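Take a look at the structure below.
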Amino acid sequence: MIDIRLLRNAPEVVRAAMDRRAKPDLIAQLDHALRLDARLRDIVVERDEVRHQVNNISKQVGSLREAGDTTGAEVLMAQSRDLGTRAAGLAAESVEVESALREVMLCIPNLPHADAPDGTSDRDNRVVVGPNNLPTSFPTHRRVPHWETAEQLGILDNERAVKISGAMFTMQRGLGATLARALCQYALDANVDAFEEIRPPSLVTTATLTATGQLPKFADDAYSIERDDLWCIPTAEVPLTSIYAGEVLREDELPKRLMAYSPCYRREAGSAGRDTRGMLRGHEFDKVEIFALALPEQAPELLVELRDRAERLISALGLPYRIIEICTGDFGQSHHRSFDLEVYAPGCDTWLEVSSVSWFSDYQARRADIRVKRGMQKGTDFAHTLNGSALAVPRVWAAILENFREEDGSVTVPSVLRPYMRGAERITRP
RNA sequence: GGAACGGUGGCAGAGUGGACAAAUGCAUCCGCCUUGAAAGCGGAAGGCCCAAAAGGCCCGGGGGUUCGAAUCCCUUCCGUUCCGCCA
């Protein structure tokens, strides 16, 4: 959520920020929020005034009774009853306006960072690092899509995954399954120097999914378990962000660095029929997420740290990659500044997004109500949240199969993964 | 799923219709004392709305009773214990 006070006191600043996102209907939403806010404050002021009168009268009733003046007390009680009715009416009205305002505010996206590049679509995203590790050319045996290689090696069985669960589910077998798990272990071990490992729940409440920004606007993208009013997480970012929801932390507790392996569930509404082969897009996949909860002034450095860590993992695997800075027109709702890490897959001849590292300023913390108490300072500040995929398994898995395919059709296992694959150096035909 | 008991400030915990934003203890901060620290003594200090003052709100959430609710009633969520079931 953006700060309603900022919108109220400097609407032109917020309007300019929303302009940068290149979504014309946002301005109308801002005006709508502004109107509701003005109305709400009028009602609240009046409600408080009436309540004040009720409180005063009640005190007088008490003392009159003590003094034995029952008639005087009766008169005041009648007055107070009327005022009470009026206060109740105003209170009901304020609740209504407040929830309408909240609904609008929950849909207004975050303000972009000043340094985020302007743009209207993903075409305006900028390559900021790389390409690195990119050979000048690929031999023909590396121009094979991973699903073909995987089938030859017997390590991917999507046909049966579909039988079991329906379209867009994948299933790895043998060393393919081992490779998927190895990638997670590798990503966790590489960050354990600074990050606490969490194994979060994969099913979360509506409030939790609202905190990170998926709800209320993007409900169609998530799986819901209606009977129990729970949602399947689309990323570990969701439970990690809410770990400290509703809490007030001391400033010396920050930054907090957390990481988690989790399965991720996405309905991929609107993507039916796209990337149906192989491992590029599925309803369920594994990912290791790294997350930081920080003081505002710590956030810029942490953004670089998270990005560097994601980069190092990919780089150490020996995969060709580049880093893209996302432009304002391609931002997700909660983004303040954001980078994608892409890996080149020669078999598909495309760059695959394998990681996304983002800074959300206080947008998510405001929704989750994560605050910081600084010293003896009066009041509290909202924390900042940042996160990034350390490693998203399926596309890295695919990129490994395409980049390290040998002439005989086997795949060389990157050396950093071998300890996690019982020493296996290659994946060969059965 | 059934039963019982609970949910109050950073934590622990008192308060069962009015003077309660709420005792007390621990933790925190400032001062005194001390070479320094501890102990001791004195003092400060909850969150939220509003630009702020005034004012209002906040004792898990919601609703009700009442002139007035932390306190009574209903409901819901969460926790603990016991029973049942279960990886």
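Letters A, B, ... mirror the listed sequences (proteins, then strands); counts begin at 1. Since we're looking at a predicted model, the values are computed, not measured.
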Neighbour count above 12 (heavy atom, 6.0 Å) for Glu301(A) CD = no
Rounded distance (Å) that lies between atom C1' of A45(B) and atom CZ of Arg250(A) | 16 Å
Over all atoms of both residues, closest heavy-atom pair of Trp359(A) and Ser361(A) | CD1-N, 3.1 Å
Closest heavy-atom pair, Ala87(A) versus Arg51(A), reported as atoms and distance to 0.1 Å, is CB-CG, 4.2 Å
Would you mind reading off the distance between Asp369(A) atom CG and C58(B) atom P, rounded to a whole angstrom?
-> 17 Å
Within this structure, what is the CG-to-P distance between Leu249(A) and U28(B), rounded to whole angstrom?
-> 18 Å
Can you run down the ring-ring contact (aromatic ring centres under 6.0 Å, His included) pairs that involve residues 203-262 of chain A, sequence neighbours left out, and say none if there aren't any?
-> Tyr223(A)-His283(A)
Taking the P atom of each, how far is A69(B) from C83(B), in whole Å?
-> 42 Å
Under a 4.0 Å N-O cut-off, is there an ion pair linking Arg47(A) with Glu93(A)?
-> no
In whole Å, what separates the P atom of A70(B) from that of G18(B)?
-> 10 Å
Pairwise P distance for G9(B) and A44(B), with rounding to whole Å | 23 Å
Given that both distances must come in under 3.5 Å, which nucleotide forms a Watson-Crick or G-U wobble pair with G7(B)?
-> C77(B)
Rounded interatomic separation in angstrom, taking CG from Leu64(A) and C1' from A19(B) = 15 Å
In whole Å, what is the span from the CG atom of Asp228(A) to the C1' atom of G1(B)?
-> 14 Å
Flag yes if more than 12 heavy atoms outside Glu226(A) fall under 6.0 Å of its CD atom; otherwise flag no.
-> no
Between G56(B) and C5(B), how far apart are the C1' atoms? Round to whole Å, please.
-> 35 Å
Please state how far atom CD in Glu253(A) lies from atom P in C11(B), giving the value in whole angstrom units.
-> 12 Å
Is there a Watson-Crick or G-U wobble partner for C57(B) with both distances under 3.5 Å, and which nucleotide is it?
-> G47(B)
Contact pattern, 5' to 3', of nucleotides 63-75 of chain B - B, S or - by protein heavy atom under 4.0 Å | ----BS-------
Pairing nucleotide - G1(B), Watson-Crick or G-U, each distance under 3.5 Å = C83(B)
When every non-hydrogen atom of Leu306(A) is compared with those of Phe195(A), the smallest separation belongs to CD2-CZ, 3.6 Å
Answer for the Watson-Crick or wobble partner of A52(B), both distances under 3.5 Å, is none
C1' spacing across the pair C29(B) / A45(B), given as an integer number of angstrom | 8 Å
Which heavy atom of Asn158(A) sits nearest a heavy atom of Met171(A), and at what distance?
-> OD1-N, 3.3 Å
Exercise: identify the closest heavy-atom pair between Arg418(A) and Thr412(A) | NH2-CG2, 3.6 Å
What integer number of Å spans the C1' atoms of C77(B) and G68(B)?
-> 28 Å
C78(B) and G61(B): how far apart are their C1' atoms, nearest whole angstrom?
-> 10 Å
B/S/- along nucleotides 46-53 of chain B (protein heavy atoms under 4.0 Å) is -SSSSS--
What distance, rounded to whole Å, do you find between the two C1' atoms, one in C20(B) and one in G36(B)?
-> 43 Å
Does the pair Arg102(A)/Glu98(A) count as a salt bridge with the N-to-O cut at 4.0 Å?
-> no
Could you check which nucleotide pairs with U24(B) in any of the strands shown, counting Watson-Crick or G-U wobble with both distances under 3.5 Å?
-> A12(B)
